[in-house]
Structures are given as structure tokens and as C-alpha cells.
Amino acid sequence: MHVAESLEEVCALLADDPSASLLAGGTDFMVEVNYSHRRPRSVIAIDRVPELTGWRQSNGHIELGAAMTYAEMEHPLFAAYVPALAQAARTVGSPQIRNAGTLGGNLATASPAGDTLPPLAALGARVRICSRRGSREASIDELIVGPKKTTLAPDEVIVSVRVPALDGPQEFLKVGTRNAMVISVATVALILDRTQRSVRVALGSVAPVPVRAAEAERWIAEVVDWDAPAVPADDILVRFGELVAAASSPIDDHRSTADYRRHAVAVMASRALARVLS
Amino acid sequence: MSEDRSIAAEQATLSYTLRVNGTDRPVADAWLGESLLYVLRERLGLPGTKNACDQGECGSCTVLADGLPVCSCMMLAAAAVGREIVTVEGLADDGELTDLQQAFVDHGAVQCGFCTPGLIVASEHLLSVNRSPTELEIREAISGNLCRCTGYGRVIAAISAAAEARTAAD
């Protein structure tokens, strides 16, 4: 058991024993341990490593430490810069879980239902990953390649995530069975980028990995009157919803059906678009 | 040979000291994978923190870690070294009730009582950061604490009453 105090120490410990488990908030890890699905032999706690904590703003970007908790992402000062991520964090688990679970943990677990993943994908986030061999950067789709599958090597640790501070409103919408303590059935992150004159949309829980709705993004960018943005007519909203839903590839499972997920994604995409343009 | 080593490693134990309710509490020869909840209840004789779901869903194991409510079942005990842990037992002297606990009694906010310690810890934290919470803020603060008896109405009444009494007393 190591409670790591620096990034260098984490990288050295992982290099010596790549089979060691990294522990941040514990909200995924401990479920597996408590239910005997995992028997940890060696654990490196990384939640107090200074390089992994907090967030900072620089040159039009926000750098988020991997050990930043959902509760920290909900904070109004942070929410002002990356509202979609703050809204997503707000929907995770309970206050107790949000005080423990981390951004880096959401990425490394790589669940299709990870709520921070669609906002990060829509923002074009860059993930910084370190090991004693060096440092590299990855986009969300380079990092997450399948349900609970990442390209992280056993000796690597996620250090931070960089997202742009964009000019324009952002929305995160989620469908679940109720408001509190719910794993998402379908999610939509939608971001208006006034500078680039683009709409960025990403979906969660409706494909093996978070997906961007590229065709819908291209279509709506041509339709919006960027000099005088206004809520589009109903037929535009519906068409946009259909194009977004077409980017999903949901499955039937114990939480929902594929048909419902496609429907929910279309409705949420239309609603999110109307909100950011109102 | 390597299998023997891994079995030995699995069974290896460790000793550490936790800070619980203002006191240093040594934990000896514990398994690495033990949750803080398990260690509190089974090793440190603090059964006030309840164990129900063991997966962060029910809130009955809520404790404060460095002042924030967390599920103790989701915290690896050996990784809680250096954190200030407060359990329901740490809120009042032995045999006494806090004003909030008394409000739960007065308002009939306790039925089977299993969720009560978690609710008390979560709502005590709420009142420490928000002296006059609205009903919505109370509901939000206890949204991670499942109660299958009360329907929450009396729990919310008790928390409101405790908040009002504290504000009035200032």
C-alpha cells in the first residue's frame, strides 16, 4: 500500500510493479473489491498527488487534474468555464459519491455510461498520460477504444485533461430512471462555439464508446444564422435530433432498449440545441 | 512458485493508524482490500456506521472524511491514513444526542433506524455549510441516503427544525 505524494513517485512505483492498482476516489474500484471481483495485491493511492489535484486556467484552456472530484467540477467558478462538464458532474451518483469520484477515474474506467466522457469528447479534450518512459497526449477516442477498454499501458497514469475555454453556452442532458443516484440510459453534451461558428455534439450510453455526431454538427453549422442566433423552427430541431440519433448505435440491456435510447437522444439533442440558441 | 508468491501476497497483512473521531486508532494485521466501513465496524468497534449495499448506492455508511460526507464502503481503509474521519459516534458525547439527533426523535424521523446514522452525518454536514437550507437543498443533501420507511417527510421536517433552532439560538 502506497499513498503517493508526487507524480514522479507514482511513475516509479508503476515502473517497478505495473500490476499495482491505481486508486483515486475508489467508487469503481471498491465495488469490485467489496464483491470479490478483484483481489488487490498492491495499491497506489493517487488522490493526494499534487500534480493530479485542482484545476487551472491558462491561454484559453482549462487544465483539470485527474484527481479532481465531481464535487469540485460542480463548483460555480469552474462551471463558468466548462458548464457542460459541471452539469455532467452534477448528475453523477450522490453527494457522497461526488465527493470521492474523480475525472481520471471516469476516464480510466471507460464505462460507456461515464457521464464526463461526452462533454470531454465534445470539447475535444486532450488527456495527458505519464509513465517513467515519458509523457504522451491522447484524445478521448484515442484513449477509450471499447466498453471499459483503454489504450493505457499498465505502467501509465492519467495526469490531467486539457479542454478549451469556449465562447458560448453548453448543455448536458441525461435520461435515467430518476434524478438522484442514477446510471445514465442516454446522455447528450452539446456545445456552441461562437468563435468557430460550430456546434459540437457528443453522446454517452448509446454506443460502446462516447461518440461525436459529426454529420449533425456539419449540417447544423450551415443552418444556424451565426450573426443573429435564434431558436430554429421545429422542423429544423426535429431534423437535427434525427441526425444526432443516427450517430448512436445503442443496444438493448437491463437499463433500457435501443429504440428508447435512440428516441431519447433525438429529443435531448433537439432540446439542447433550442436551449443554447435561445 | 509464482502462484505461491501471489497467494502469499494476497494474504499479506498490513498495519496502519487511522484518525477517527479525533483519536489515533491503530489497525493491526488487516487485509489490504478492507473498506473503511469494515474496519470501523469490525476492527474499531464503531458499529454506528451501517453496512447495507457495499457499493455506494445507499448512504447508510456515510462518514465525514476531512469534513466531507463520503461512503465509507467506497474508501479503502489503508488509503484513509492521514484523513480526519468522523463517524456518527463522534458527533456527541457517549449517551448524549446532538440537537439534530433530538430533532429526528421529536419529529418521528426514525422508524427502523437503519439509515438514520447516515442521514444524521449527511445532514450535520449540510447544516455546517448552509445554516438556513431550503427544502430543495435539504432534499439534495440527503439524496444519497436511502430510507425505505419514512418517505423522507419527517426527516426533512427534523432537519428544518434543527436548522431553525440553531439560527434562532444565535
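Sequence lines set the chain letters: A, B, ... in the order given, protein chains first and strands last, and positions in each chain run from 1.
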Undergrad: What part of A141(B) gets closer than 4.5 Å to chain A, counting heavy atoms only: side chain, backbone, both or neither?
TA: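 Just the backbone, heavy atoms under 4.5 Å.
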Undergrad: Any carboxylate oxygen within less than 4.0 angstrom of a Lys/Arg side-chain nitrogen, looking at E140(B) and R98(A)?
TA: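 A salt bridge is present here (some side-chain N lies under 4.0 Å from a carboxylate O).
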Undergrad: Could you check whether atom CD of E8(A) has more than 12 heavy atoms from other residues, nucleotides or ligands sitting under 6.0 Å from it?
TA: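 Counting other residues, nucleotides and ligands, CD of E8(A) stays at 12 neighbours or fewer.
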Undergrad: Look at D28(A), I97(A), V3(A), N179(A) and state which one has the largest set of heavy-atom pairs under 4.5 Å with chain B.
TA: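 Among the listed options, the one with the most contacts to chain B is I97(A).
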Undergrad: Quick check for you: to the nearest 0.5 Å, what is the distance between I142(B) atom CD1 and S94(A) atom OG?
TA: 12.0 Å
Undergrad: Drop me the distance from L32(B)'s CG to M1(A)'s CE, to the nearest 0.5 angstrom.
TA: 7.0 Å
Undergrad: If you count heavy-atom pairs within less than 4.5 Å of chain A, which of G118(B), A122(B), C71(B) leads?
TA: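 Sorted descending by pairs with chain A, the first entry is C71(B).
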Undergrad: If we only count heavy atoms from C-beta on, is the P69(B) to N99(A) side-chain gap below 4.5 Å?
TA: yes
Undergrad: Whether the side chain of N34(A) engages the backbone of C73(B) through a donor-acceptor N/O pair (distance < 3.5 Å, no angle test) should be reported.
TA: yes
Undergrad: Measure the spacing between CZ of R39(A) and CH2 of W31(B) and express it to the nearest 0.5 Å.
TA: 4.5 Å
Undergrad: If every non-hydrogen atom of A45(A) is compared with every non-hydrogen atom of A79(B), which pair is closest and at what distance?
TA: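 Minimum heavy-atom separation between A45(A) and A79(B): CB-CB, 4.1 Å.
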Undergrad: Where on S35(B) is there a heavy atom nearer than 4.5 Å to chain A: the side chain, the backbone, both, or neither?
TA: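 For S35(B), heavy atoms of backbone and side chain both lie under 4.5 Å from chain A.
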Undergrad: Can you tell me how far the CG atom of L76(B) sits from the CE atom of M30(A), to the nearest 0.5 Å?
TA: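 Reported value, rounded in 0.5 Å steps: 5.0 Å.
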Undergrad: Quick check on R271(A): does its CZ atom have over 12 non-hydrogen neighbours (other residues, nucleotides or ligands) under 6.0 Å away?
TA: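 Incorrect, the count does not exceed 12.
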Undergrad: Roughly how far, to the nearest 0.5 Å, is the CG atom of L68(B) from the CD atom of Q96(A)?
TA: 10.5 Å
Undergrad: Please determine if D47(A) and R83(B) form a salt bridge, counting it only when a charged side-chain N lies under 4.0 Å from a carboxylate O.
TA: yes
Undergrad: Looking at OG of S143(B) and CZ of R178(A), how far apart are the two atoms once the value is rounded to the nearest 0.5 Å?
TA: 9.0 Å
Undergrad: Quick check on Q111(B): does its CD atom have over 12 non-hydrogen neighbours (other residues, nucleotides or ligands) under 6.0 Å away?
TA: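 Count over threshold, so yes.
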Undergrad: Identify which part of S21(A) has an atom lying under 4.5 Å from any heavy atom of chain B, answering side chain, backbone, both or neither.
TA: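 Answer is neither: S21(A) stays 4.5 Å or more from chain B.
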Undergrad: If you count heavy-atom pairs under 4.5 Å with chain A, which of L146(B), L37(B), V70(B) comes out on top?
TA: V70(B)
